[in-house]
Amino acid sequence: MSKRAPKGEYIETDTGNKVARKATLVGTQNIMLGGKTVIQPEVMIRGDLIRTIQASSQSASGAAPNNTAVSIGRYCFLSRGSCLRPPGRLYKGAFTYMPLRMGDHVFVGQGSVIQAAAIGNHVHIGAKVAIGEFAIIKDYVRILDGTVVPPNMVIPSFSIVAGQPARLIGEVPEGGHEAFELRSLYKTVGNNPHPAPS
Amino acid sequence: MSSKRLSILPPVSSSGPKPPVHFSSSITIADSALLTGTHQVTVLSESVIHPRARLDSSAGRLNLGRRCIVHERAHLGLVPTNGRFTEAAVTLGDYVAVEVGAVVEAGNTVVGEGSTVGVGARVGAGAVVGKHCTLTPHTEIAAGAVVPDFTIVFSNGMRRTDRRGVAVELKNKAVARQIDVLRRMIPSNPAKFV
């Protein structure tokens with residue numbers, strides 16, 4: 001090793017992703033980051049669990065197989081200790097994993113385990129949340145700490161859910177969607193972070 | 001995507017002694033699984049151990065049955081902070097799934113055949129979980145507790161009996177299919193632990 005400046009805690013890519021060196025990303029070639037996404041230390045993403053059965057329309061046209069296991073939008077924030085893994089199930093008699101899609105401005109709290117099929121934009125997931133396989137979470141949803149979202153649950157837009165198992169406990173108030181913006185949070189981490197605006 | 005972009009998996013800290021292992025030749029164990037302890041670790045045929053799963057035999061033997069799946073960050077054989085056990089084995093029956101981040105404490109703990117320990121759940125020392133039970137995410141089974149066969153534990157300790165009547169053979173077939181797929185996806189390296 002040459003005498004270079006000490007390495008920062010994060011790797012910052014050209015598209016603005018900040019990936020902690022201590023994050024465990026398995027199967028990186030199957031993980032898509034949209035840009036400006038923060039991945040904190042001890043986060044685990046299982047990109048190796050790829051889909052083994054292609055959709056019938058794709059296999060018929062002979063297109064190149066799409067192996068993306070986890071796709072993440074812009075300005076997402078994965079807190080320390082969280083885990084993303086694609087959901088798996090039996091499909092036409094064979095077992096396959098399905099891709100996990102995540103929109104923009106998704107916050108994932110500490111120690112949460114996400115096995116959803118799809119997560120919309122502007123979703124806030126608290127700490128210690130378990131999201132079951134093939135759950136679908138629409139836009140502007142707030143999931144409080146410690147929630148257990150059962151498998152296959154569909155959470156409509158603008159809802160607040162909590163409990164074990166998760167129940168709808170309220171709606172995001174009008175004008176409350178400003179709080180889902182993660183642009184300022186993005187600036188507070190990295191190798192030369194800006195202080196949080198007071 | 002060339003071969004230049006290799007996985008940036010940080011190195012696994014290999015602390016503690018390497019336990020004596022007894023692996024069946026047909027198991028799948030990820031390179032980054034963590035095995036520590038001094039007692040024997042036995043894994044029977046066709047079981048799958050995901051990356052970063054932690055098998056800790058420092059308190060006693062670990063016995064995993066056939067076609068068990070231990071997911072990432074699961075911790076088998078955690079030594080309880082207060083208890084002292086002379087016999088402190090952990091036994092998983094056949095077709096047991098231990099999901100992400102679940103903990104099974106050491107102390108003659110038994111998880112019966114076909115049971116699922118959900119995401120982040122915790123099975124206390126000396127607890128006996130029956131056959132075909134489902135522990136939903138984040139449930140805690142107290143030390144020494146007994147969970148009868150076909151029980152579902154949910155919402156922090158509420159229990160009911162599984163009356164869905166899912167045929168055991170069908171369920172086992174589904175697990176076998178899943179293991180077939182996992183075996184192709186997880187690069188296995190049992191030689192590292194022997």
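Everything numeric in this text was worked out from a predicted model, so none of it was measured.
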Colleague: Using a cut-off of under 4.5 Å for heavy-atom pairs, which of A:Pro150, A:Gly132, A:Ala130, A:Gly163 has the most such pairs with chain B?
Modeller: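 Going by pairs under 4.5 Å, I would pick A:Ala130.
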
Colleague: With a 4.5 Å cut-off on heavy-atom pairs, point out which of B:Gln178, B:Lys173, B:Arg177 contacts chain A the most.
Modeller: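 Answer, by heavy-atom pair count under 4.5 Å with chain A: B:Gln178.
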
Colleague: Between B:Leu182 and chain A, with a heavy-atom cut-off of 4.5 Å, which part of the residue counts as in contact: side chain, backbone, both or neither?
Modeller: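 Contact with chain A: side chain only.
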
Colleague: One thing to verify: whether B:Glu72 and A:Arg46 come together as a salt bridge, which I'm taking to mean a side-chain N less than 4.0 angstrom from a carboxylate O.
Modeller: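 A salt bridge links A:Arg46 with B:Glu72.
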
Colleague: Given 3.5 Å as the limit, does a donor-acceptor pair link the side chain of A:Ser71 with the main chain of A:Arg101, or not?
Modeller: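 Side chain of A:Ser71 to backbone of A:Arg101: no pair is present.
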
Colleague: Examine whether an atom of A:Arg85 lies under 4.5 Å from a heavy atom of chain B, and if so say whether it belongs to the side chain, the backbone or both; otherwise answer neither.
Modeller: side chain

Colleague: Please state whether the side chain, the backbone, both or neither of A:Val149 comes within less than 4.5 Å of a heavy atom of chain B.
Modeller: neither

Colleague: Going by an N to O cut-off under 4.0 Å, is there a salt bridge joining A:Lys22 and A:Glu9?
Modeller: no

Colleague: Of A:Phe180, A:Tyr186, A:Phe107, which is the lone residue that meets ring pair (Phe, Tyr, Trp, His ring centres under 6.0 Å) with A:Tyr75?
Modeller: A:Tyr186

Colleague: Which atom names give the shortest non-hydrogen contact between B:Ala88 and B:Ala106, and what distance separates them?
Modeller: O-CB, 3.7 Å

